[in-house]
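Each remark here refers to the structure printed beneath this line.
As the structure is a computational prediction, the values presented were derived from the model and not from experiment. Naming: A, B, ... by sequence-line order, numbering from 1 per chain.
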Amino acid sequence: MAFYVTTPIYYVNAAPHLGHAYTTIAADVLARHHRQRGEEVFFLTGTDEHGEPVALAAEAAGMTPRELADQNAERFKALAPLLNASNDFFIRTSDPRHVAKVQEILQRVKDNGYVELGTYEGWYCPRCADFKSETEIADGNRCPIHLIELTREQEENYFFKLSALQERLEQLYEQQPQFAGPDSRRNEALSFIRSGLNDVSLTRAKLTWGVPVPWDDGHVFYVWFDALLNYYTALSFARDGEDLTDTFWPASVHLIAKDILKFHCVFWPALLIAAGLPVPERVFVHGYLLMDGHKMSKSLGNVLDPFEIIDQFGADALRFYLLRDVSFGQDGSVSAADFESRYESELANDYGNLASRTIKMVLRYRDGAVPQVALDETIVAEFAGLPETVAGQIDEIELTAALEEIWQRIRRLNRYVDEQAPWQLAKDETKAADLDRALATLVEGVRAVTVLLLPWIPERAAQLLGTLGASDHTYAAATYGAALPTTVSDLEPLFPKPQ
RNA sequence: GGCUGGGUAGCUCAGCUGGUUAGAGCGCACGACUCAUAAUCGUGAGGUCGGGGGUUCGAGUCCCCCCCCAGCUACCA
């Protein structure tokens with residue numbers, strides 16, 4: 001089994017922020033989980049470097065586009081290890097190998113008859129430096145933003161015949177219902193398709209910072225087409241001397257945020273169909289992280305700084321919080337106060353403290369030797385099927401639901417401690433067997449749950465498993481009762497509280 | 001305007017194809033315990049499930065109308 005997951009490639013014109021971190025973390029959870037299952041995984045992220053905004057920003061900064069791209073790409077490249085993201089490659093669209101592959105594929109799109117020279121004519125707002133569609137023009141033929149009168153402008157460029165693919169796209173959505181998710185996003189994309197597709201510009205004539213059009217050296221490709229193709233081109237050169245395309249294409253999941261839905265759910269499959277290539281299995285659209293119900297913005301000063309959190313609490317805490325607090329796929333609010341509350345009550349109190357109390361009891365009552373006895377049937381029953389349930393949820397990209405499923409067992413184990421009251425059993429020699437069973441049941445519970453948590457909190461989970469001498473991190477080991485540890489060693493608080 | 005979602009306890013949200021007294025976490029109040037990162041566990045208060053009609057033996061869950069919020073309505077990436 002091969003599993004190929006991608007993040008969008010991030011546009012180098014901006015600095016990395018929480019939104020980038022969010023998508024990368026989610027993709028990493030998927031990648032790590034599928035590796036646990038023993039699948040062959042490829043996880044791709046990278047940077048999108050062409051296009052007018054970069055060219056303009058470079059000019060303003062007195063540098064070449066390439067210099068600017070080189071400089072900013074480094075900042076995104078540095079983000080992944082900081083988040084503990086296990087990406088297998090980092091693609092840059094300015095890579096000559098990407099450029100060559102893009103030219104090859106788009107040439108094929110043209111050879112297949114999906115490109116034609118045309119004139120784009122439309123109402124143009126000089127202030128926006130952009131054409132306006134008929135539907136967004138304000139009364140009096142004015143720009144809806146600047147309220148100035150629009151002028152009629154023309155530009156010659158090559159068009160991608162998207163309109164010719166409308167039927168094929170509708171078929172795709174019908175035959176492959178999972179193609180776009182969640183359902184609300186699927187509906188959105190499908191209704192867009194059904195409302196009628198127009199041809200779109202494939203090239204730009206005035207710009208030079210882009211992939212040159214092989215059949216006309218006066219044009220470069222419109223940056224979106226060059227960017228989308230990264231998912232495909234990367235496979236051909238990510239590993240030296242090897243072409244991974246046959247192994248990993250089509251991609252299993254493209255993770256994106258909702259602002260780029262149209263490109264990924266409509267243009268992208270259309271382009272692949274036009275090129276005669278298989279379309280991805282799935283595009284999953286996640287929501288926005290909001291602060292106080294508003295989109296985060298620097299000017300409002302309501303930014304949750306991922307770097308600050310990692311610095312203070314570690315990457316695991318950030319990873320956990322973002323996927324725990326906001327139902328993955330929906331918009332949701334985040335805040336520093338929420339973060340601290342989740343960190344303390346769930347990571348420190350529920351989970352970290354469960355590990356502490358369990359280990360300390362084994363040390364205190366059994367000198368660190370885990371009794372090798374039968375596990376409590378009640379807990380066995382309540383853990384039955386858990387790995388399968390979690391895997392099923394992850395297959396549906398329900399990352400928050402999966403985490404909740406696991407967390408219910410963590411709460412259950414804390415309840416079990418109180419039910420059994422091992423400190424009472426320890427006072428009575430005749431209850432030794434009961435104490436043995438309770439301790440073994442708890443240690444195994446902590447272990448099993450921690451194996452499941454590895455994708456979310458890879459660092460601390462691995463640390464805890466080390467303390468339990470549990471070296472098997474595969475998904476088979478997530479089954480309760482699969483590998484009762486024999487000894488435990490002392491553990492510093494996994495998630496220490498601040499101050 | 002059209003389309004797609006959403007409006008459920010103080011807060012954040014679960015509630016699949018309609019079915020017993022509407023759930024969870026957090027917060028709050030009270031209590032229990034002491035193994036543990038003063039952590040944990042129990043009990044309780046708190047909701048006319050946006051509003052109004054309708055279908056049904058029965059609706060948060062289906063239909064109609066209305067109100068409010070968000071996103072999309074194409075070439076900014």
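- Base pairing of B:rA74: no nucleotide in any strand meets the Watson-Crick or G-U wobble criterion (both distances under 3.5 Å).
- In this structure, the side chain to side chain contact (heavy atoms under 4.5 Å, CB included) partners of A:F90, at least two apart in sequence or on a different chain, are A:T45, A:T47, A:F76, A:K77, A:N87, A:R92.
- Spacing between B:rA39 and B:rG50 at atom C1', rounded to whole Å, works out to 41 Å.
- Taking 4.0 Å as the cut-off between side-chain N and carboxylate O, A:R415 and A:D418 do not count as a salt-bridged pair.
- For the 3.5 Å distance criterion, the side chains of A:S163 and A:D199 qualify, holding a donor opposite an acceptor.
- Ring orientation note: the planes of A:F225 and A:F267 are close to parallel, at an angle under 30° on the 30°/60° scale.
- Among the protein residues, A:N198 comes within range of the nucleic acid bases, having at least one heavy atom under 4.0 Å from a base atom.
- Of all nucleotides present, none satisfies the Watson-Crick or G-U wobble test against B:rU20 with each distance under 3.5 Å.
- With sequence neighbours excluded, the residues forming a side chain to side chain donor-acceptor pair (under 3.5 Å) with A:E170 are A:Q166, listed by chain and number.
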>> Does the protein touch nucleotides 5-15 of chain B at the base, only the backbone, or not at all? Give it as B, S and - per nucleotide, heavy atoms under 4.0 Å.
In response: S--------S-
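- Of all nucleotides listed (B:rA77, B:rA74, B:rC41), B:rA74 comes nearest to the side chain of A:L197.
- Residues passing the side chain to side chain donor-acceptor pair (under 3.5 Å) test with A:T378 are A:D376, sequence neighbours excluded.
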>> Strictly under 4.0 angstrom, non-hydrogen atoms only: write out the protein contact profile of nucleotides 28-35 of chain B, one letter per nucleotide from the 5' end, B, S or -.
In response: -----SSB
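- Both distances falling under 3.5 Å, in either a Watson-Crick or a G-U wobble arrangement, place B:rC62 opposite B:rG54.
- For RNA chain B, the residues of residues 347-354 of chain A within the heavy-atom distance limit of 4.0 Å (strictly under) are A:A348, A:N349, A:D350, A:G352, A:N353, sorted by number.
- Nearest to the side chain of A:P493, among B:rG25, B:rU37, B:rA77, sits B:rU37.
- A search for side chain to side chain contact (heavy atoms under 4.5 Å, CB included) contacts involving A:D311 returns nothing, not counting sequence neighbours.
- B:rC35 sits 23 Å from B:rU43 when the C1' atoms are compared, rounded to a whole Å.
- In terms of the ring-ring contact (aromatic ring centres under 6.0 Å, His included) criterion, residue partners of A:F284 (sequence neighbours excluded) are, by chain and number, A:F328.
- For A:L272, the side chain to side chain contact (heavy atoms under 4.5 Å, CB included) partners two or more places apart in sequence, or in a different chain, are A:W249, A:W268, A:L277, A:V279, A:P280.
- By the 30° and 60° cut-offs, the orientation of the rings of A:W407 relative to A:Y351 is tilted.
- Taking the salt bridge (charged side-chain N to carboxylate O under 4.0 Å, His left out) definition, one finds that A:D350 meets it with nothing, sequence neighbours left out.
- Shown for residues 188-196 of chain A: residues whose heavy atoms fall under 4.0 angstrom of RNA chain B, namely A:E188, A:S191, A:F192, A:G196.
- Remark: A:H286 NE2 to A:D331 CG distance equals 9.5 Å, nearest 0.5 Å.
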> Could you walk me through whether A:F313 and A:F339 pass the ring-ring contact (aromatic ring centres under 6.0 Å, His included) check?
Replying inline: CA-CA 10 Å; A:F313 299 91; A:F339 170 81; 4.9 Å; yes
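- Pairs engaging residues 396-407 of chain A under the salt bridge (charged side-chain N to carboxylate O under 4.0 Å, His left out) rule: A:R324-A:E404, A:E404-A:R411, A:E405-A:R409 [sequence neighbours left out].
- A:W407 comes within 4.0 angstrom of nothing in the nucleic acid, heavy atoms only.
- In this structure, A:I359 reaches neither bases nor backbone, as no heavy-atom distance under 4.0 Å exists between it and the strands shown.
- Distances shorter than 4.0 Å separate none of the side-chain N or O atoms of A:K497 from OP1 or OP2 on B:rA38.
- In this structure B:rG25 sits in a base pair with B:rC11, meeting the Watson-Crick or G-U test at under 3.5 Å.
- The C1' atoms of B:rA9 and B:rG27 are separated by 12 Å, rounded to the nearest whole Å.
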